[in-house]
Structure formats: C-alpha cells, structure tokens
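Each remark here refers to the structure printed beneath this line.
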Amino acid sequence: MLSSKKKYIVNGNSGIKAQVRLSSYLQSCCRYSHYCKRPVAFPLLSCFRPFFWHKQIQFADQKQEFNKRPTKIGRRSLSRSISQSSTDSYSSAASYTDSSDDETSPRDKQQKNSKGNSDFCVKNIKQAEFGRREIEIAEQEMPALMALRKRAQGEKPLAGAKIVGCTHITAQTAVLMETLGALGAQCRWAACNIYSTLNEVAAALAESGFPVFAWKGESEDDFWWCIDRCVNVEGWQPNMILDDGGDLTHWIYKKYPNMFKKIKGIVEESVTGVHRLYQLSKAGKLCVPAMNVNDSVTKQKFDNLYCCRESILDGLKRTTDMMFGGKQVVVCGYGEVGKGCCAALKAMGSIVYVTEIDPICALQACMDGFRLVKLNEVIRQVDIVITCTGNKNVVTREHLDRMKNSCIVCNMGHSNTEIDVASLRTPELTWERVRSQVDHVIWPDGKRIILLAEGRLLNLSCSTVPTFVLSITATTQALALIELYNAPEGRYKQDVYLLPKKMDEYVASLHLPTFDAHLTELTDEQAKYLGLNKNGPFKPNYYRY
C-alpha cells in the first residue's frame with residue numbers, strides 16, 4: 001500500500017524531519033471524487049511523494065506586533081490597538097451616523113429570536129427573513145460546501161468542536177458557518193471588519209441559533225467588545241479558532257492566554273493574519289498548531305486573483321458611479337490581488353500604472369503591459385489610487401497633499417494601515433460624507449479627494465464579492481478545521497503549516513462540475529513517464545501555478 005511509504009516535512013529551524021499525516025476522516029471523505037466517478041487518493045501525506053512543507057517564512061520586522069494591545073476597553077472609548085488590520089483609531093461609526101439606520105446601538109437593545117434566545121448582538125433580529133433568502137441564494141453558488149455538508153453530515157467529523165470565528169459576516173460566510181454546524185461544531189462568531197457585515201445575514205444566523213456579535217458600522221470599541229463576547233462566555237471554552245486578519249488570535253493571546261491550553265489549532269486565511277502567525281512562530285510564542293490557508297493554491301490563486309478582478313470594479317462603480325475608460329490608475333502592489341485589479345481596469349480601458357518592491361512581481365507587471373513607476377512620479381496625474389500590498393503607510397500624507405482634485409483613494413488589502421488616513425484628521429481639512437462609505441476630504445484651497453471606506457477593504461466594505469470564488473476558500477477552511485481538530489496529539493507541532501497540494505486539488509475538483517468540465521486521465525504509461533500517481537498530486541509542492 002502507498003501508506004507504507006514514509007513522507008516528511010522539514011522543520012524550518014532545525015532541519016529535523018517529522019512525519020505528518022492527515023486525519024482518517026479526511027482520508028475517507030475524499031477517497032472518491034463525486035465528479036470523476038473514479039478513485040481519488042485523498043491527501044494522506046504518507047501517500048505523497050516527498051516534498052518540503054513550508055513551515056516558516058522570514059518576514060521583515062515591523063513595529064506592528066502582537067505584544068501590544070489596547071490598555072483600556074471603555075464602553076464608548078476609542079481604544080487604539082496596534083492590531084490595525086480591521087480597525088483604526090477613527091471609526092466611521094464614531095464620526096458619522098447614517099440617518100437611514102436606527103441610531104440605537106445594538107449593545108443597548110434587548111433582542112430575542114423566535115426561540116427566546118438572546119445570546120447574540122445584531123442590528124435588527126427582525127431582518128432575519130431577508131438574510132435567510134440571501135443565504136439560500138449563496139448556497140446555489142457554493143457547490144463544494146454543500147457537497148461536503150451532504151457527505152459528512154452523518155459522520156459529524158466536527159462533533160465536540162467549539163469554534164470561535166472572526167471573519168467577514170456575509171451570506172457566503174453564513175453558508176460556511178451552517179456547514180460547520182451541520183458537521184457537528186458549535187460556533188460563536190464576530191466580524192473581522194467594521195463595515196463588511198451584512199446586517200440581515202447576521203440576523204438570520206442569530207435566528208438560527210448561532211451566537212453572532214456583529215453589525216455594519218461598529219465603532220472600534222464595539223469591534224473588540226464583540227470579539228470578547230464571543231470568547232468570554234461562562235460554560236463555553238473554544239477549542240478551535242478560525243480567523244481572518246489575526247485580531248481574534250491577538251485578543252485571546254492578550255486577554256485569555258490560558259484558553260490555548262484547550263485550543264487544538266488556528267486556521268488563518270489572510271496575508272496579515274498569517275504574517276503575524278509566522279512572527280509568533282519565529283519568536284517561539286506560538287503555542288498551538290496553525291494552518292496557513294492564505295497560501296493554499298485554492299485561496300491565493302482564486303480568491304485573491306479572480307475575486308478581486310471582479311469586485312474592484314463593483315466597489316468603485318457602486319461608490320462613485322465613475323467611468324473607467326481613459327482614467328489613469330495606479331495600483332500599489334502586483335501580488336495576486338494587484339494582478340486581478342490591474343487586469344480588470346485594463347480591460348475597461350483604464351491606463352494602469354503599477355508600483356512594486358519585488359523585482360519578480362515588477363517584471364511580471366512589465367510583461368503584462370503595465371508601466372512600472374514610483375508613486376511619487378505619477379501621484380499628481382492619476383485619477384485613482386488603489387493599494388493592495390499588505391504593508392503600512394504606502395500612501396502617506398505627502399502623497400495625499402499632492403493628489404489632483406477629485407482623485408479617488410481606496411484600499412484592496414485586508415489591513416487598513418496602507419493609507420495614512422489618521423493624518424487627514426486635522427483641523428485644516430474638512431470631511432464631508434457623500435454617501436455610505438464615501439467621504440470628500442477637502443483642503444483649504446478647495447481641492448478634494450474621494451476616500452472610500454476610510455481606507456478599509458473596499459470590496460467587502462462597499463460592495464459584494466463573487467460567491468463562487470468564496471466557496472473555494474470556505475471549503476479549504478472547513479477541511480483545514482476538520483484536519484486540525486481530528487489530528488492525534490503530536491501530529492502537528494506548535495508551528496505554521498501549509499495544507500497539502502492534494503487537498504487543494506480535491507477542493508478544485510469539487511467545483512469543476514459547475515462548468516460541466518471533464519478532466520483528462522493519465523494512462524499508466526504516461527503516469528510512469530512523469531513519475532506521478534495517476535490520482536495526483538499532479539504538481540510538486542514548489543510549483544507556482
């Protein structure tokens with residue numbers, strides 16, 4: 001049997017080899033592909049050809065560290081956290097009030113669902129029916145999650161799992177949460193971004209019995225209060241974390257570190273959150289295993305690229321009603337997100353410039369027909385500035401001062417630190433709310449820029465994202481949770497792991513039937529010639545796609 005072959009990962013620190021296998025549940029779950037109707041070897045690592053499993057990546061030291069946190073959490077205070085991936089010191093909820101919404105804070109309301117349960121905090125529980133319809137629409141575009149739910153519901157691979165999550169609360173995330181519940185898990189959830197929550201979806205989840213603490217337009221204090229309500233509850237101790245951006249992990253580390261004694265693992269899906277996990281691992285402070293979903297092929301090459309390729313146009317069009325043809329745009333960063341944004345804008349007739357620090361990504365931009373520049377060189381002439389680097393202070397006050405009148409400024413990265421919005425909160429500048437998530441910032445001479453979502457994630461703050469792409473990411477997250485939860489003690493060390501390529505291939509195969517796509521099968525002779533198993537994996541772990 002293939003399982004008799006030993007396969008290894010490599011410890012990034014010492015080079016010591018350690019054997020790692022996937023859980024028996026995942027092994028059986030994916031042994032047969034519903035699509036191909038033929039045996040498919042599931043990602044049991046002992047069935048793989050040897051490969052190096054990346055466990056640690058060196059990152060440049062940054063000032064944004066985990067060992068800093070808000071010193072005070074007041075009822076309405078604007079506490080400032082060094083963990084700025086989803087909030088900054090100035091929240092829109094503190095600055096503005098949308099007259100179309102009930103001005104009463106959800107924290108001041110006494111709400112119950114139809115079953116009398118009050119363990120939630122959403123904008124308006126009466127919106128649940130509308131949210132349920134949105135969730136049902138999303139289910140139609142999430143075939144892999146629905147297939148996983150149908151197949152595994154009887155086996156309950158997450159029975160006993162108590163998952164605390166901090167993600168965008170949208171119809172797509174609701175399908176993931178309800179799938180985790182169908183697989184046996186108990187879930188408590190907060191939002192990872194103060195603008196991305198769909199209030200009606202949060203209400204539908206609360207009506208279904210999920211403890212959800214989120215609403216659109218939270219203040220920063222609300223943001224941390226919601227996370228705390230998810231974690232700090234009498235008689236309930238989380239044993240798994242699903243995070244997007246690292247804020248939940250950060251909060252538990254600083255407020256409730258003893259909880260990690262019972263937590264089996266962390267699943268993280270963002271560049272920002274993964275970066276922080278590697279920082280913890282490098283410092284020897286990571287006390288549980290963590291799965292890096294962000295760098296899975298099915299996340300990075302689909303969610304980051306194809307999702308942003310469509311949603312960048314949606315977000316800009318909804319907020320500004322602009323025409324893209326002939327506009328000059330500078331996109332800061334040419335990673336997968338930047339590639340998607342540039343491709344979409346170029347297709348619409350925009351003149352696109354790119355800034356990049358990495359010579360490899362820079363060369364890709366040049367070969368794709370984009371002009372590589374420094375931001376200072378084009379800042380006076382461009383009509384739109386888009387950041388997607390994951391870094392901080394990419395667009396500074398100096399850049400903002402030099403922008404042309406009516407320049408649109410927005411961010412497509414998870415972290416809201418890319419644009420120095422705080423520098424615009426000065427007495428000489430006037431802020432004028434135009435519409436939801438759209439501000440004019442006006443200089444004394446009358447010049448104004450159009451700032452979207454106050455520098456937060458544009459697509460999820462101001463528009464929606466393609467459900468089908470999120471199905472790919474959500475399925476990968478679900479399988480990572482199943483794997484970590486069912487792994488016997490000692491299989492995973494206190495480190496950051498990538499999911500095996502065979503799991504990526506399985507997730508992709510679950511989505512192929514949507515396109516009536518038919519995979520070609522290797523013959524025995526071809527498989528032998530290439531040195532592959534006929535059922536995969538088909539590419540070495542270092543293959544870049």
Side-chain angles (χ1 to χ4, degrees), residues 12-13 55-57 59 61-74 77 79-89 161-167 187-194 213-214 220-234 236-294 390 392 414-417 477 480-481 484-485 492-497:
N13 291 327
K55 293 178 62 179
Q56 293 185 8
I57 298 176
F59 287 85
D61 292 336
Q62 295 185 1
K63 295 180 180 179
Q64 187 171 317
E65 299 174 349
F66 259 88
N67 59 358
K68 300 178 182 178
R69 65 172 178 85
T71 56
K72 295 182 180 179
I73 303 297
S77 65
S79 56
R80 181 175 182 85
S81 169
I82 298 302
S83 177
Q84 295 185 21
S85 65
S86 305
T87 62
D88 61 22
S89 61
K162 296 182 178 180
I163 302 171
V164 59
C166 184
T167 65
C187 301
R188 297 180 68 85
W189 230 262
C192 69
N193 184 292
I194 68 172
F213 301 86
E220 185 178 343
D221 182 48
D222 292 333
F223 176 82
W224 295 112
W225 178 86
C226 288
I227 289 179
D228 194 71
R229 282 294 304 273
C230 283
V231 176
N232 184 22
V233 55
E234 187 177 352
W236 195 88
Q237 162 81 49
N239 53 26
M240 294 294 297
I241 295 174
L242 177 58
D243 212 352
D244 185 348
D247 290 318
L248 173 60
T249 303
H250 160 82
W251 189 255
I252 296 177
Y253 259 104
K254 296 306 162 187
K255 295 285 289 184
Y256 310 104
N258 289 333
M259 284 189 176
F260 281 102
K261 294 178 180 179
K262 293 186 178 181
I263 291 176
K264 289 191 172 185
I266 301 168
V267 174
E268 171 61 58
E269 75 148 335
S270 75
V271 172
T272 302
V274 166
H275 176 95
R276 291 169 175 171
L277 288 175
Y278 282 121
Q279 284 182 324
L280 286 174
S281 178
K282 183 179 178 180
K285 297 179 180 179
L286 185 63
C287 52
V288 295
M291 283 288 186
N292 170 4
V293 169
N294 179 73
K392 65 182 296 185
H414 182 89
S415 173
N416 67 340
T417 58
Q477 290 174 305
L481 286 167
L484 276 181
Y485 181 69
Y492 294 103
K493 308 301 180 183
Q494 296 172 353
D495 216 327
V496 184
Y497 294 85

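- In this structure, Pro238 and Arg188 have side chains that are not in contact, with every pair of non-hydrogen atoms separated by 4.5 Å or more.
- Contact detail for Asp247 and Cys192: the closest heavy-atom pair is OD2-O, 4.3 Å.
- In terms of heavy-atom proximity, Tyr497 sits nearest to Pro289 at CE1-CB, 4.5 Å.
- Pairing each heavy atom of Gln237 with each of Lys162, the nearest pair is O-CD, 3.3 Å.
- Atom CG of Asn239 and atom CD1 of Ile163 lie 8.0 Å apart (nearest 0.5 Å).
- When side chains are defined from C-beta on, Lys255 does not count as touching Val231, because their heavy atoms never get closer than 4.5 Å.
- A distance of 12.0 Å separates CD1 of Ile266 from CG of Asn292, quoted to the nearest 0.5 Å.
- By the 30° and 60° cut-offs, the orientation of the rings of Trp251 relative to Trp224 is parallel.
- A heavy-atom distance below 4.5 Å is not found between the side chains of Arg276 and His250.
- Atom CD1 of Ile252 and atom CZ of Phe260 lie 5.0 Å apart (nearest 0.5 Å).
- With Thr249 as the fixed residue, the side-chain contact (heavy atoms from CB on, under 4.5 Å) test singles out one of Val288, Asp243, Leu286, Ile263: Asp243.
- Between Ala290 and Leu277, the shortest heavy-atom contact is CB-CD1, 3.9 Å.
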Check step by step if side-chain contact (heavy atoms from CB on, under 4.5 Å) holds for Arg229 and Trp225. CA-CA 6 Å; Arg229 282 294 304 273; Trp225 178 86; 3.3 Å; yes
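- Leu280 CG to Asp495 CG: the interatomic distance, rounded to the nearest 0.5 Å, is 11.0 Å.
- Here the shortest heavy-atom pairing between Ala480 and Val293 reads CB-CG2, 4.1 Å.
- Under a 3.5 Å cut-off, the side chain of Lys264 and the backbone N or O of Tyr485 do form a donor-acceptor pair.
- Distance check: Cys187 SG to Leu481 CG gives 8.5 Å after rounding to the nearest 0.5 Å.
- Tyr492 contributes no side-chain N or O that, together with a main-chain N or O of Gly265, makes up a donor-acceptor pair within less than 3.5 Å.
- The shortest distance between side-chain heavy atoms of Ile227 and Phe213 does not fall below 4.5 Å.
- Scanning all heavy atoms of the two residues, the minimum distance from Asp244 to Glu268 falls at CA-OE2, 3.5 Å.
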